[in-house]
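Step one of this worksheet: look at the structure below.
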Amino acid sequence: MKTSLSFHKVIVGLLVIYLVIPLAATLLFSVAGKWDHTILPESFTMKWYIELFHDERFYGALQHTLFLIFVTVGLGVVIMLPTIFIITVYFSKWEGWLQTVAMLPYGIPPIVGAVGLIKVYSNGPLPITGTPWILVGAYFITILPFMYQGIRNSLRTVNAVQLVDAAELLGATKFQAFRTVVFPNIISGILVSTLLSVALLFSEFAFANLLVGGRFETIQIYLADKLNSSGHLTSAIVITYYSIILLVTGTVLKLTFKKDKVPSPSSKKRSVFFINKPFRQKNTALEGENS
Amino acid sequence: MSYVTIDQVTKGYHHQVVLENISLTLKKGEFATLLGQSGCGKSTLLRSIAGLEDVDSGSIFIDGKDITHISPRQREVGMVFQSYALFPNMNVFDNIAYGLKMKKAKNIKTRVTKMIELVDLVGKEQSYPHQLSGGQQQRVALARALVMEPKVLLLDEPLSALDAKIRKNLQKELRRIQKELEITTIFVTHDQEEAMTMSDRIFVMNKGKIVQSGSPVEIYTSPVNTFVAKFIGNYNVLSMEVFHKLVHSTELNGKEIAIRPEVLQIVSANEGHLGLHDNWGIKGLVKDVSMTGNVLRYEVETEGAAFLVDNLHHKGKMFEQGAQVQIFVPKKECIIL
């Protein structure tokens, strides 16, 4: 038993080291001054960060990326949430079709998708190639699998069909049933889908480079550009962008689970974010019942 | 005057008939049970009454009003689901108050508190569903349906997920509450013992049809066909030809004969006869003995048929496997099917 536990600890430790080392090295390189012949840097400096934070282009690229993420993920939630809910609860026979459509992005490499999009949207009724709007459309499709899986799994976990049945029998309209019963119970699922999408879009390069390039510079395009000038500076960009993702994720999780007095069944397992107070009320169970 | 009328209801899925010309009537305050095996259509019928399934043809009336084509929220029926379907984001109080809030009812607090007392959940008002045991969750589901004062209460196998002891307690609780409120109730179960214990009337269903209806005593003592006889009480069902050969008599006529295991007497093969005018004696061999506490169940092999024989478990009066025995069949207990 003891050996088995130690073995597990070693495996987890190795995994953590494997994941953390590249990030730690990048962090170290971003604050390194002279680092040529030694294992650790000979001197430390913040000049790469100072240089980065004095660059107007960085703020512009960050702003563009955040704008694209906000619009795309927002659209994704607004369009996909009711769609998946309606199909899961009321038209379950069409679920297979929706699943196929949602999984399509996995089957189309970005380069193929980008070439197709450029051809279709270069002229004709909707000439949006080179504008951020073509990226919004492409990104919407890119995050579809995450949105679909996260929301559908949450709906199934809470047994949305039966919750809606129960609410309707108690006098709720379909919309009231969704708003008061289903939605509060799938927030955690929506949040997970949203965060996965944000993380994915933050690091998306292929579509951004091929569809708009420098005309609407995103953080990844800016990063690629800086790769040729200085490794220290690109390390500072990577660390900054990781910090922003961590900050956004942490804030959203904290705000959501702080409001959530009691975890929904789907969030119960993720007790790392939520600790229940012990339940001390008097038990009124029938003979044989456990509470 | 019937309070609930189901008239010629038919329903099918993908060209397969699930409910076939179902008709039944219930009196106000009656506790009726739809009893049948999985897939016989009993839950579909219940969901059709609730409005959660559309019927292909036929009509459903409650208190004289045709509710066949109106939405579930307008039907004034309450339903308790097998998996409870409590709202995980709401505590016990809010779950029970939900329907009243939707209706914008008055005195919500008083009515919910009264209902919490009725189902014995005082002190649990602020608990969330996942903090309650299965039995407690079921009582919340019941209170949530009852607080709306529905015209008909529908119970879809509400006790099947609970263990035996809690189930027995809740059966009594459910019946007590139903009698106290005099609410017309339709209960769905596949457990014949549960149906017998709780119901005023049982409707036995098979393959989308009601095959027999009546009081528990009627259903148990007078099954109309082989299915009911076997499903409801482990009857010994024999073809008349085999029975004639076994008892060397053609006194009874018909297609099949059904005999309850507990009316059969078992004695040692050389132990004489029990009033031959009232009984038939059949010799056999004990193939198996099982004990369910107070009852000993023998499987007796005779020439041409196997019989189940249930006897009360008396100390020192038990036949071993392989024993030569004689079973006596009381003539008046033979049911011709």
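Below, chain A is the first sequence line, B the second, and so on; all start at residue 1.
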(Q) Using heavy-atom distances under 4.5 Å, tell me whether B/R75 contacts chain A through its side chain, its backbone, both, or neither. (A)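 Contact with chain A involves no heavy atom of B/R75 at all.
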Q. Considering only heavy atoms, which portion of B/L86 lies under 4.5 Å from any heavy atom of chain A: side chain, backbone, both, or neither?
A.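 For B/L86, the contact with chain A is made by the backbone alone.
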Q | Option in B/P129, B/G51, B/S83 with maximal non-hydrogen atom pairs under 4.5 Å from chain A | A |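 Looking at each of B/P129, B/G51, B/S83 in turn, B/S83 comes out on top.
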Q | Which of B/M79, B/M90, B/R144 touches chain A most, by non-hydrogen pairs under 4.5 Å | A |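 Ranked by heavy-atom pairs under 4.5 Å with chain A, first place is B/R144.
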Q.
How close do B/N89 and A/T180 get, counting heavy atoms only, and between which atoms?
A.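 Reported closest heavy-atom pair: ND2-O, 3.2 Å.
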Q) Who passes side-chain hydrogen bond (donor to acceptor under 3.5 Å, both in side chains) against B/E149, sequence neighbours left out? A)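 For B/E149, no residue satisfies side-chain hydrogen bond (donor to acceptor under 3.5 Å, both in side chains) once neighbours in sequence are set aside.
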Q: Using side-chain hydrogen bond (donor to acceptor under 3.5 Å, both in side chains) as the criterion, list what pairs up with B/E180, not counting sequence neighbours.
A: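 With sequence neighbours excluded, B/E180 shows a side-chain hydrogen bond (donor to acceptor under 3.5 Å, both in side chains) to B/R176, given in chain and number order.
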Q: Write out, in numerical order, the residues from residues 71-87 of chain A with a heavy atom short of 4.5 Å from a heavy atom in chain B.
A: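 Checking residues 71-87 of chain A against chain B gives no residue, so none.
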Q) Among residues 160-177 of chain A, which residues come closer than 4.5 Å to chain B, judged by heavy atom distances? A)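 Against chain B, the residues of residues 160-177 of chain A that fall inside the cut-off (heavy atoms, under 4.5 Å) are A/Q162, A/L163, A/D165, A/A166, A/A167, A/E168, A/L169, A/L170, A/G171, A/A172, A/T173, A/Q176, A/A177.
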Under 6.0 Å from the [atom1] atom of [X], do we count more than 12 heavy atoms belonging to anything else shown?
X: A/Y18; atom1: OH; answer: no
X: A/Y90; atom1: OH; answer: yes
X: A/F67; atom1: CZ; answer: yes
X: B/Q74; atom1: CD; answer: yes
X: A/Q63; atom1: CD; answer: no

